[in-house]
Amino acid sequence: MLDGRYLRDNLEAVRAALGARAGGWEFDRFVQLDDERRRLISEVESRQAERNETAKRIGELMKAGQRDEAEAAKERARVINDEIASLDGSLAQAEADVREMLLTIPNVPDASVPVGADENDNVETHRWGTPPEFGFEPQAHWDLGPALGAIDFERGVKLAKSRFVVLGRDGARLNRALINFMLDTHGSRGYREWSVPTMANADTLLGTGQLPKFADDLFHTDEGLYLIPTAEVQLTNLHRDEVLEAAELPLRYCAYTPCFREEAGAAGRDTRGMIRVHQFDKVELVKFATPETSMDALDGMVADAEFILQQLGIAHRTIVLCTGDMGFGAAKTYDIEVWLPSYGGYKEISSCSNCTDFQARRANIKYRSPGEFKGSRFVHTLNGSGLAVGRTLVAVLENYQQADGSVVVPEVLRPYMGGQDVIRAEAR
RNA sequence: GGAGAGGUGGCAGAGUGGUUGAAUGCGGCGGUCUCGAAAACCGUUCUGCGGGUAUCCCCCGUAGCCAGGGUUCGAAUCCCUGCCUCUCCGCCA
């Protein structure tokens, strides 16, 4: 959410900065609604002042025993109240309209973000490692996984529905090893670990920006709860309605959770394999930083996510998303893409964003810095995958496969798999 | 799931219809005292919104005592609903 007042004062600048990103957002209608809202506030409040004055006088008249005067005043108060009630209805509508608009305008891109229309205009910032060269025809994970007993697509469908997967035997163990490796690694590098609910309420989803605009992407229960699409939702909302101390910033958090995405519109993309599924595991990174340091904090977060792939020894590259490809709440986003032989290219495995004060304003997360400024200000929130576990598992299988269909376990994961160094097919 | 109690400012804790943003204490901040510190004493200490001034400095108004409704000229104070916390019982990983 943008600051309504800031938006009013910088209307044209924001309009220009958002460009196509604004979609059909009606700037002029917003100004009209906001004018109306302000007018009504003035009216209502002057009536309320009148009402308060009258009520006070009635109390004094009653005490003085002047019943007739008191009754007359009561009648006037009733009239004023009727006026207030009617104005109040209009005001509530105006405020709802303004808020609705503010909740649906995307964040303003940072000045350093390349301007572009879609993913073709994203800019690569750097690469690490070289894609493996196989002396044989490498298999895709959707062939390799089932052959190893590591991934079972059919049974995922049987147990839930399409786009759910079951991991078996070494697939399940490798998945668990990845989660623990990621958590331990981030933990040792300054991220505080949390374990959070997998369901969240509407206020929480509103705080991070999934609601109200993207309700269709979420699974929900008939009790008004939603399955979280990412731990970012919970980690960020941990501090909803709180005031942090500048001295304790930046806060660095991480958590492992399953993530659930309905993504109705995604049908047809990545239909094979477990690249795009309704439920996947992810280790998430979240930071709370001051406005002055948040862009540096973003660079650090990207490096922390990349570090996982470097430890795993898998080739990857990092790109900065252009203005047209960024998510709703982001002011700047880096995607980390991992080399997948089955794609013959790089595939997104992490997305790290600085949401600046966009989520903080929605979730009311502030910080104070005595001596620097009075009162409190909104913090900047950042989030990034560190990493998407399912896709990392796919990357390990595909990049570490051998001619005989076995898969070498990366060195750093072996302690997490009881020393096992190779995954082989076995009779079940 | 059943029964009971309760949700007030950073914390503790008053306040059961009429200048209540809300007593008091603690904590925090500033000051006096001191070589310095402690103690003591004095002062100060919430936020959103609208307007003025004009820009984070102050003034005016308004709203806020879990949330949302209701009663009333007027509610922290009365009524209803929801949420949450605590105690006891049941159930359960």
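In what follows, every chain begins at residue 1, and chains take the letters A, B, ... in the order their sequences are listed.
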Output for pair (A/Leu382 CG, A/Glu232 CD), nearest 0.5 Å, gives 10.0 Å
Scanning all shown strands, the Watson-Crick or wobble mate of B/rU19 with both distances under 3.5 Å is none
Residue matched to B/rU85 through Watson-Crick or wobble contacts both under 3.5 angstrom = B/rA5
B/rA54 pairs with which nucleotide, Watson-Crick or G-U wobble, both distances below 3.5 Å?
-> none
Does B/rG74 have OP1 or OP2 sitting under 4.0 Å from an N or O in the side chain of A/Asn81?
-> yes
Take A/Arg38 and A/Asp34, measure what salt bridge (Lys or Arg N to Asp or Glu O under 4.0 Å) needs, and give me the verdict at the end.
-> CA-CA 6 Å; A/Arg38 294 187 190 193; A/Asp34 193 49; 3.2 Å; yes
Go through the side-chain N and O atoms of A/Ser112 and A/Lys332 and say whether any donor and acceptor fall under 3.5 Å apart.
-> yes
Salt bridge check: are A/Arg15 and A/Glu12 linked by an N-O gap of less than 4.0 Å?
-> yes
Who does B/rC29 pair with, Watson-Crick or G-U, both distances under 3.5 Å?
-> B/rG43
Using the ring of each side chain (for Trp, its six-membered ring), is A/Trp25 parallel, tilted or perpendicular to A/Phe30, with breaks at 30° and 60°?
-> tilted
Indicate, with a heavy-atom threshold strictly under 4.0 Å, whether A/Arg5 touches base, sugar-phosphate, or nothing.
-> sugar-phosphate
Just wondering, are more than 12 heavy atoms of other shown residues or ligands nearer than 6.0 Å to CD in A/Glu411?
-> no
Please figure out whether A/Asp34 or A/Glu75 has its closest RNA chain B nucleotide nearer the 5' end.
-> A/Asp34
On RNA chain B, more 5' by nearest nucleotide between A/Arg78 and A/Arg51 is A/Arg51
What interatomic distance, in whole Å, is found between C1' of B/rU87 and the corresponding atom of B/rC80?
-> 25 Å
So what's B/rC35 paired with, Watson-Crick or G-U wobble, going by both distances under 3.5 Å?
-> none
Using Watson-Crick or G-U wobble geometry with both distances below 3.5 Å, tell me the partner of B/rA12, or none.
-> B/rU24
Worked verdict on A/Glu60 versus A/Arg57 for salt bridge (Lys or Arg N to Asp or Glu O under 4.0 Å) = CA-CA 5 Å; A/Glu60 289 160 0; A/Arg57 200 167 61 245; over 6 Å; no
Going by the angle between their ring planes, with limits at 30° and 60°, are A/Phe288 and A/His239 parallel, tilted or perpendicular?
-> perpendicular
Distances under 3.5 Å only, N/O to N/O: pair up the protein atoms with those of nucleotides 54-61 of chain B.
| unit_1 | atom_1 | unit_2 | atom_2 | d |
| --- | --- | --- | --- | --- |
| B/rG61 | N2 | A/Glu45 | OE1 | 2.7 |
| B/rG61 | N2 | A/Glu45 | OE2 | 3.1 |
| B/rG61 | N3 | A/Glu45 | OE1 | 3.4 |

Measure the acute angle between the ring planes of A/Phe358 and A/Phe328, then classify it against the limits of 30° and 60° as parallel, tilted or perpendicular.
-> perpendicular
Could you state the CG-P distance from A/Asp241 to B/rG9, rounded to the nearest angstrom?
-> 14 Å
Can you check the A/Leu40 CG to B/rC49 P distance for me, whole Å?
-> 18 Å
Provide, to the nearest angstrom, the distance between the CG atom belonging to A/Asn201 and the P atom belonging to B/rG82.
-> 18 Å
If the C1' atom of B/rG25 is compared with that of B/rC84, how far apart are they to the nearest Å?
-> 27 Å
Any ring-ring contact (aromatic ring centres under 6.0 Å, His included) pairs touching residues 166-212 of chain A, not counting sequence neighbours?
-> A/His186-A/Tyr191, A/Trp194-A/Tyr253
Using the C1' atoms only, state how far B/rC59 lies from B/rU53, rounded to an integer number of Å.
-> 8 Å
Distance, P atom - from B/rC66 to B/rG21, rounded to whole angstrom = 16 Å
Residue-phosphate contact under 4.0 Å: A/Arg37 side-chain N/O, B/rC49 OP1/OP2 = no
Can you tell me how far C1' of B/rG74 sits from CD of A/Glu50, to the nearest Å?
-> 15 Å
Do any side-chain nitrogens or oxygens of A/Arg38 fall under 4.0 Å of OP1 or OP2 in B/rC49?
-> no
Is B/rU62 paired to anything, Watson-Crick or G-U wobble with both distances less than 3.5 Å, and if yes, which nucleotide?
-> B/rG48
Ion pair present between A/Asp35 and A/Arg8, side-chain N to carboxylate O less than 4.0 angstrom?
-> yes
Listing time: all N or O pairs from protein to nucleotides 18-23 of chain B that are below 3.5 Å?
| unit_1 | atom_1 | unit_2 | atom_2 | d |
| --- | --- | --- | --- | --- |
| B/rG18 | N2 | A/Ala55 | O | 3.0 |

Using the C1' atom as the reference point in each nucleotide, state the distance between B/rA63 and B/rA75 in Å, no decimals.
-> 14 Å
Between P of B/rG51 and CG of A/Leu91, the distance in whole Å = 13 Å
Taking CZ from A/Arg47 and C1' from B/rG74, how many angstroms apart are they, rounded to a whole number?
-> 19 Å
So A/Arg39 and A/Glu43, salt bridge (Lys or Arg N to Asp or Glu O under 4.0 Å) or not? Walk me through it.
-> CA-CA 6 Å; A/Arg39 186 183 67 77; A/Glu43 287 228 27; 3.0 Å; yes
B/rC91 - base-pair partner by Watson-Crick or wobble geometry, distances under 3.5 Å | none
Send over the distance from A/Ile84 CD1 to B/rU72 P, rounded to a whole Å.
-> 15 Å
Rounded to whole angstrom, note down the C1' distance from B/rA22 over to B/rU81.
-> 27 Å
Check the distance between B/rC29's P and A/Arg368's CZ and give it to me in whole angstrom.
-> 11 Å
Spacing of the C1' atoms in B/rG68 and B/rG7 (rounded, Å) | 16 Å
Between B/rA14 and B/rU8, how far is it from one P atom to the other, in whole Å?
-> 11 Å
